[in-house]
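In this text the structure is predicted, and so the values were computed from the model without any measurement. Along the sequence shown, residues carry numbers from 1. First listed ligand is number 1; within each ligand, the first listed atom is number 1.
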Amino acid sequence: MSPASPLGVPLSRFAPAPTGYLHLGHVANAIYVWGVTKAAGGAILLRIEDHDRRRSRAVYEQALLEDLEWLGFVPDRPPFAAFRGGACDGRQRDRTAVYDAALATLRAAGRVYACDCSRADILRDSGGGDELRYPGTCRDRHLDDGPGRGLRVRLDATVERFVDLRHGPQVQQPSAQCGDVLVRDRDGNWTYQFVAAVDDLVQGVTLVVRGDDLLASTGRQIQLARLLGREAPPRFLHHGLIMKTATQKLSKSDGDTSVREQRAHRRSAADIIGQAAALVGLCGTPAPLFAADVPRLPPLVDLAQLVARP
Ligand code: GLU
């Protein structure tokens, strides 16, 4: 696999998981994705991240698509022209052939092994720390693949360095943060870390714009993509989150913040976008903001200028 740059302009993506309704946190992400990408002259793919088959629902997918369109955030079409292999509608559940091919590449490089550890096993053995670190229990057990077993990728102890467009230079060592990455869980679901790295590579995504909660994942996605043959990683921009409390970000279970609910209360798209922009610190006080005007927000124009710089 090699990184494609099908359009010759920055290619970004909006990648919601259909596990709940679109909420203000998604709207803030859409503002950043559309604002920065369009101000940089780029294009945006829509990717439905339904790799978690247990939690994804068709009804949420339909609602996400409708609400996004209603807000006025329009992805570039045909959205998945860059996909090679598998179905071309951008749903991860239809892209098994693409993930199988990526897995085969990693297997051929001797990187993949089966693991039967449960989360409780890993919690017990990981030794604490900010993040659950897999200690490599099954690395040399040579287990066969099979039901009830996950698959992990053996990581190198390399340090990944990248420049985040908002946070500046970053240094991450995935092998110390999270240990060997799970690519398929014990129920047969592909994991987010794996599918995000594969899709960003195969789709030719060159600009990843997402929330700060995923900043720590970036090094492992860069390493996975490199193991799959990606030469240059995408540019990354991680933005602030809308918080419910000082420590808790908004989530899909916060029904009152869903776009659906607000539409039902007859709030306009511009009011909702303006509120999300204010909550994420892009403007001082909430004022109506149309999706088409988002690429003119001064902080996003400034960030867009960084996109073009090496
Ligand atoms: N699917 C993730 C979310 O809904 C986004 C992941 C990404 O942008 O890499 O938060």
Side-chain angles (χ1 to χ4, degrees), residues 10-37 42-57 60-61 63-65 67-68 71 73 75 79-80 90-93 95 99 102 160 162 164-167 170 172 174 178 181-183 185 189-225 228 230 233-244 248-254 257-259 276 280:
L11 182 60
S12 189
R13 80 291 197 283
F14 183 70
T19 54
Y21 291 117
L22 204 72
H23 60 68
L24 281 177
H26 290 109
V27 180
N29 180 234
I31 292 170
Y32 268 96
V33 170
W34 265 269
V36 174
T37 310
I44 295 137
L45 301 175
L46 180 66
R47 177 194 297 161
I48 299 295
E49 292 212 329
D50 57 354
H51 55 93
D52 184 345
R53 285 169 292 158
R54 282 162 305 203
R55 293 173 57 228
S56 299
R57 303 270 180 278
Y60 290 136
E61 179 187 322
L64 288 171
L65 296 175
D67 289 342
L68 198 64
L71 287 168
F73 291 112
F80 297 99
R91 289 187 195 95
Q92 291 177 324
R93 69 164 179 273
R95 293 168 46 69
Y99 307 131
E160 305 298 336
F162 60 96
D164 183 273
L165 296 174
R166 259 185 87 241
H167 297 282
Q170 303 291 310
Q172 296 180 0
C178 62
V181 171
L182 191 68
V183 294
D185 70 16
N189 282 298
W190 300 108
T191 63
Y192 161 69
Q193 302 293 347
F194 180 64
V195 294
V198 172
D199 284 344
D200 286 339
L201 165 62
V202 174
Q203 291 184 286
V205 167
T206 58
L207 175 62
V208 171
V209 179
R210 60 189 177 192
D212 279 344
D213 52 333
L214 291 167
L215 179 60
S217 294
T218 301
R220 67 201 73 163
Q221 292 179 16
I222 289 174
Q223 187 174 145
L224 278 175
L228 288 166
R230 182 161 196 157
R235 307 301 307 273
F236 289 94
L237 188 165
H238 290 86
H239 59 77
L241 303 171
I242 299 181
M243 305 300 282
K244 184 162 72 170
Q248 240 186 327
K249 71 166 186 161
L250 266 188
S251 78
K252 286 160 188 154
S253 52
D254 299 313
T257 64
S258 77
V259 173
V280 79

task: Applying side-chain hydrogen bond (donor to acceptor under 3.5 Å, both in side chains), name anything that partners Q172, two or more places apart in sequence or on another chain.
output: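 Once residues adjacent in sequence are excluded, Q172 has no partner under the side-chain hydrogen bond (donor to acceptor under 3.5 Å, both in side chains) criterion.
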By number and element, which atoms of ligand 1 are closer than 4.0 Å to a non-hydrogen atom of [X]?
X    : answer
A17  : 4 (O)
R13  : 7 (C), 8 (O), 9 (O)
Y192 : 6 (C), 7 (C), 9 (O)
L214 : 6 (C), 7 (C)

- prompt: Out of A15, G25, G211, A196, who gets a non-hydrogen atom closest to atom 5 (C) of ligand 1?
  reply: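 Checking each option, the heavy atom nearest atom 5 (C) of ligand 1 is found in A15.
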field: Cationic N near anionic O, under 4.0 Å, R91 to D50
entry: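 No.
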message: Using a strict threshold of under 4.0 Å (side-chain N to carboxylate O), is an ion pair present between R53 and D185?
response: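 Between R53 and D185 there is no salt bridge, as every charged N stays at least 4.0 Å from the carboxylate O atoms.
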query: Does H238 offer a backbone N or O that forms a donor-acceptor pair with the side chain of D164 under 3.5 Å?
result: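 Checking the backbone N and O of H238 against the side chain of D164, a donor-acceptor pair under 3.5 Å is found.
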Test of proximity, E49 against ligand 1: N or O pairs below 3.5 Å: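 Yes; the residue has a nitrogen or oxygen that sits under 3.5 Å from a nitrogen or oxygen of the ligand.
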query: Between F14 and H26, what is the ring plane arrangement, given parallel below 30°, perpendicular above 60°, and tilted in between?
result: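 The arrangement is perpendicular - the two ring planes meet at more than 60°.
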